[in-house]
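Notes for the one structure printed next.
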Amino acid sequence: MHQMIKWTAVGTIDDIPRQGARCVKAGDTKVAVFRTADDRIFALEDRCPHKNGPLSQGIVHAGRVTCPLHNWVISLETGRAEGADEGQTNSYPVKIEDQTIYVALGAI
Amino acid sequence: MQHSLQTPRERLVVVGNGMAGIRTLEDLLAKAPGRYDITVFGAEPHPNYNRIMLSPVLAGEKTFDQIVLNGLDWYEANGITLLTGDRVESIDRVQRTVTAMSGRAVAYDKLLIATGSNPFVIPVPGATLPGVVGFRDLADVDAMLEAAARGGRAVVIGGGLLGLEAANGLKVKGMDVTVVHLMDTLMERQLDRSAGTLLQRELERRGIAVLTGADTAEIVGDGRVTGVRLKDGQVLPADLVVMAVGIRPNLALGKAAGLACGRGIQVDDAMVTSDPAILAVGECVEHRGQTYGLVAPLFEMARVAADRLAGGTEAAYTGSVTSTKLKVTGVDVFSAGDFSGGKDCEDITFRDAARGVYKRVVLKGNRILGAVLYGDTRDGGWYFQMLKDGQDVAAIRDTLVFGQGYQGGGAASPGAALAALPDSAEICGCNGVCKGTIVTAITEKGLTSLDEVRAHTKASASCGSCTGQVEQLLALTLGDGYQAQTGPKPMCKCTDRTHDEARRAIAMLELKSIPDVMQALEWTTPDGCASCRPALNYYLMCAWPGEYKDDSRSRFVNERMHANIQKDGTYSVVPRMWGGLTTSAELRAIADVVDKFAIPTVKVTGGQRIDLFGVKKEDLPAVWADLNAAGMVSGHAYAKGLRTVKTCVGSEWCRFGTQDSTALGVKLERLTWGSWTPHKVKLAVSGCPRNCAEATIKDLGVVCVDSGYELHVGGNGGMHVRACDLLVKVDTEEEVLEYTGAFMQLYREEARYLERTAPWLERVGLAYLKQRLVDDPKGRTSLNARFLFSQSFSQDDPWAERASGATDRHEFSLLAEVG
Ligand SMILES: Cc1cc2nc3c(=O)[nH]c(=O)nc-3n(C[C@H](O)[C@H](O)[C@H](O)COP(=O)(O)OP(=O)(O)OC[C@H]3O[C@@H](n4cnc5c(N)ncnc54)[C@H](O)[C@@H]3O)c2cc1C
Ligand code: FES
């Protein structure tokens with residue numbers, strides 16, 4: 001059966017600085033919502049696959065974030081670690097309507 | 001009569017005498033001439049004209065007559081009844097009539113709505129004052145030209161395509177123009193940051209002031225506009241305000257008639273609205289959730305609508321990818337498709353700083369997804385065509401970014417592209433050296449290395465941005481005989497430039513922002529990485545004190561948050577204790593903070609202060625506010641900057657003390673706190689040679705002796721302990737302070753980012769430091785002066801700025817809490 005996606009409005013694009021992120025707390029899970037230099041929005045669980053570093057606090061560059069704890073580079077699109085590192089964090093679908101950011105938190 | 005024998009023709013009424021509506025008629029007349037009795041209503045008192053050419057009209061490059069698309073004779077020749085200056089006010093879908101402002105009612109069998117869009121007026125006080133105009137139609141242009149004729153100042157709100165074209169036109173017409181733009185970079189919807197920054201520089205060069213990140217609060221004026229007040233309080237005087245912040249589909253008529261509407265009047269792939277007798281085209285429609293603001297998609301819609309009106313059943317509109325060009329003479333900007341990248345996307349970036357060219361092509365699976373071109377847009381059409389065709393570009397991938405001109409037969413390498421350049425092509429912009437000169441020097445003088453080419457031709461000897469090309473020329477000319485040098489390593493994978501080259505370029509080319517540096521030095525990534533961005537941010541801050549605005553997004557988390565992140569994601573907070581001194585009031589305040597915020601761990605640090613561990617991010621501003629209230633400021637325990645000045649008690653209490661080491665420590669800390677340096681810096685002052693403050697393993701340590709002060713430099717504890725080298729012995733405290741300032745500044749200016757003083761000293765040698773700091777008193781004085789100047793901008797407590805909520809409030813709060 002086709003499962004309905006439940007979209008949750010979490011704020012507007014302008015609430016997040018470019019090349020930055022802010023967090024959404026959904027129950028026990030923290031989701032980091034990123035905004036790239038060219039205004040793409042991504043949502044990842046705010047836990048680095050390495051040792052749970054808060055990805056929301058990393059430096060955002062070209063579709064990636066560098067974890068603040070040990071510099072793993074995580075793809076914002078897939079949540080997967082790049083380069084030689086292995087691991088993946090949860091990522092959530094995002095859509096934008098009229099500046100408002102919706103995240104499909106359903107998977108949580 | 002013949003006519004009366006025919007069945008009466010169907011009646012088609014068009015609402016909107018603009019670009020999409022009339023294009024539909026042109027297509028329809030070509031397909032099915034004479035099928036309809038056509039009536040066109042136009043709210044504007046003009047025949048159909050080319051709206052996009054209003055910008056050249058404003059700039060005085062064209063006249064209105066030159067932009068008319070269909071004169072009155074065209075309507076007449078095609079038997080179209082044109083009713084200009086008469087706005088349609090309502091649609092009666094049951095009776096199938098439209099009624100206009102004049103009271104005129106016309107019946108239809110088919111109705112085409114093409115009402116375009118309206119400029120969005122931001123809802124601030126004063127938005128309707130006389131002197132505030134949009135930029136949409138000829139009336140707006142006339143109003144602007146009239147204002148420009150009186151001279152004075154114009155403020156253009158909105159730094160998108162329309163705003164910038166308006167700003168350019170008004171500037172050309174002699175007004176003082178300021179563009180106020182809400183976002184950080186211009187045309188952010190069409191351009192990436194690099195191109196947006198280049199564009200801003202160019203406009204500024206033309207004398208147009210640009211304020212980014214500026215939010216309009218109010219239009220001020222008494223009866224007529226006199227200025228614009230921004231949210232930060234700044235008031236910009238203005239005789240004319242142009243609002244160009246965006247457009248809204250003009251759907252009022254359709255909505256009132258009960259047609260399905262979203263952001264625009266909703267249509268299906270046949271351009272038919274929720275009423276089968278009514279079609280809609282142009283900016284007023286919403287198709288598959290999209291609205292459009294450029295003519296190319298509107299013309300595609302027009303073709304489909306015309307086909308359907310002509311009786312066709314096949315033609316379908318399926319949406320468009322769009323491309324944009326800015327029509328400011330002499331500024332070439334092109335953008336197409338989706339250049340935001342994403343999964344499996346690949347960026348190809350090309351920068352030619354000398355020519356002011358930036359190109360970025362985004363690929364996905366060997367197909368072009370988007371492109372941004374600045375400075376050289378010749379290939380825009382070529383990329384756009386391949387993008388629309390979904391052409392596989394694998395075969396030309398390597399040379400794609402060089403443009404169509406390089407695509408001779410088959411695949412060519414980037415080297416071949418360089419080989420294809422004529423001898424007269426300039427390679428080194430700084431020194432004006434062309435390809436022929438370099439190649440001749442290599443062959444005739446038998447040059448084999450980059451340094452030799454630099455020495456003989458000066459190519460690549462200045463800003464170094466052409467180094468890659470010079471090396472390629474060496475390789476091309478010498479073939480296998482050329483071995484690239486293994487010199488100092490590049491900064492990171494984003495560039496071939498070394499730290500020193502980047503710094504030199506910042507100074508020589510007066511580069512003042514990260515995108516500027518990346519452009520000038522031809523970075524291969526759009527916005528760098530976590531290695532180069534913090535380094536460039538530091539270099540710029542060091543080079544342009546007071547002028548460069550710190551980019552917090554290019555800071556590591558600790559420096560952005562002004563606290564140290566711990567492995568569980570909480571933070572530690574260390575207030576400054578000048579020279580290791582504290583008071584009962586400070587200790588009491590710290591104790592209260594610990595209780596109030598349930599801070600789990602309190603530790604005395606090796607730097608003689610107190611560290612509060614396990615503070616929650618959300619609590620940081622409140623913790624700081626309480627510490628501030630007791631007079632404490634940030635200890636910068638997180639900074640690549642001055643950390644602590646450790647002291648022993650000195651002559652005031654200690655029976656061995658030779659000088660007042662604590663007081664001197666406090667003076668040194670007051671002098672150096674707040675400074676940013678390539679890496680952390682720790683100081684210490686020991687009151688006697690017993691050296692209780694461990695001053696000889698510090699970046700700079702003072703050891704007091706009977707006859708004065710020894711200055712030791714370049715030491716550190718840590719994994720690889722290094723004891724200091726003795727730099728000099730001086731007689732007075734004043735000299736200690738001057739030497740310290742000079743040493744700090746030399747380290748700031750010459751060490752590489754993340755290089756501590758110890759490896760720096762080992763790299764450049766103690767003799768060099770002595771030569772700069774000891775043997776050259778004038779040089780020392782001016783280093784110290786530069787340090788003090790820089791310090792005059794850096795000694796603000798970052799905690800106070802954040803505790804008050806004035807800065808970076810978003811860093812400390814959640815975006816949302818759900819579930
Ligand atoms: C200054 C400027 C520069 C531009 N530059 C470019 C560019 O470089 N490239 C590009 O692709 N696009 C550009 N555009 C956008 C382009 O002009 C529009 O996309 C295009 O004109 C939209 O066509 P349209 O028919 O939907 O609307 P319009 O051309 O606006 O036509 C709508 C017409 O309907 C009339 N109308 C509205 N309501 C009623 C009513 N109730 N009754 C009767 N008449 C009504 C309006 O008065 C208007 O004349 C530019 C626009 C402007 C203003
Ligand atoms: S926790 Fe992210 S890199 Fe170690």
Side-chain angles (χ1 to χ4, degrees), chain A residues 8-33 35-43 46-48 51-54 56-71 73 75-78 80 97-98 101 103 105 108, chain B residues 182-185 188-189 191-194 196 215 262-263 289 338-345 347 349 360 362 370 372 494 515 525-534 551-558 560-561 565-571 617 808 810-819:
Chain A
T8 307
V10 297
T12 69
I13 293 187
D14 294 339
D15 290 338
I16 306 174
R18 276 195 176 159
Q19 299 178 316
R22 286 182 69 190
C23 288
V24 174
K25 217 169 151 208
D28 289 338
T29 311
K30 245 193 192 171
V31 176
V33 186
R35 175 177 176 189
T36 63
D38 43 19
D39 290 341
R40 285 176 292 150
I41 305 288
F42 298 99
D46 193 22
R47 265 157 51 110
C48 177
K51 293 195 172 163
N52 302 335
S56 59
Q57 305 302 310
I59 289 182
V60 176
H61 51 96
R64 305 175 179 86
V65 60
T66 296
C67 176
L69 291 196
H70 318 94
N71 291 328
V73 176
S75 156
L76 293 178
E77 179 84 28
T78 61
R80 204 168 288 141
E97 267 171 23
D98 243 0
I101 303 169
V103 181
L105 297 171
I108 294 174
Chain B
L182 181 62
M183 309 304 285
D184 303 341
T185 54
E188 77 285 347
R189 302 231 173 270
L191 301 181
D192 63 9
R193 205 181 184 84
S194 293
D215 201 353
R263 278 186 295 154
D338 176 4
F339 52 84
S340 55
K343 192 178 183 180
D344 308 326
C345 284
D347 265 315
T349 315
R360 180 166 160 224
V362 180
V372 182
C494 304
T525 49
D527 57 352
C529 70
S531 297
C532 58
R533 283 235 307 274
D551 178 21
S552 68
R553 294 286 131 211
S554 298
R555 292 266 195 185
F556 292 117
V557 54
N558 291 352
R560 196 170 68 240
M561 300 298 291
I565 194 165
Q566 303 300 320
K567 67 179 192 184
D568 64 352
T570 65
Y571 290 81
K617 182 165 83 170
D808 284 354
H810 56 80
E811 294 285 3
F812 307 103
S813 59
L814 286 171
L815 178 61
E817 190 157 1
V818 297

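Here the structure is a predicted model, which means the values were calculated and not measured. Hydrogens, waters and symmetry mates are skipped; everything else that's a heavy atom, side chains included, is used. Here is how names work: the chains are called A, B, and so on, in the same order as the sequence lines, proteins then strands, and each is numbered from 1.
Of the two parts of A:L76, neither the backbone nor the side chain holds a non-hydrogen atom closer than 4.5 Å to a non-hydrogen atom of chain B. Looking at A:D46, there are no atoms closer than 4.5 Å to chain B (heavy atoms on both sides), in backbone or side chain. Using a 4.5 Å cut-off between heavy atoms, A:V33 touches chain B through its side chain atoms alone. Proximity to chain B is limited to the side chain of A:T8, based on heavy atoms less than 4.5 angstrom apart.
Remark: side-chain polar atoms of B:R553 are not paired, donor with acceptor, to backbone N or O of A:A37 under 3.5 angstrom. Panel note: side chain B:R533, backbone A:V60; a donor-acceptor pair is recorded below 3.5 Å. At distances below 3.5 Å, not a single donor-acceptor pair connects side-chain atoms of B:D527 with backbone N or O atoms of A:H61.
Between B:L814 and A:K25, the shortest heavy-atom distance links the atoms CD1-CB, 3.8 Å.
One finds the CE atom of B:M183 at 4.5 Å from the CZ atom of A:R18 (value rounded to the nearest 0.5 Å). Considering CZ of A:R64 and SG of B:C529, their distance stands at 10.0 Å, rounded to 0.5 Å. Note: A:T66 OG1 to B:F556 CZ = 8.5 Å, rounded to the nearest 0.5 Å.
A salt bridge links A:D38 to B:R360: at least one charged side-chain nitrogen sits closer than 4.0 Å to a carboxylate oxygen.
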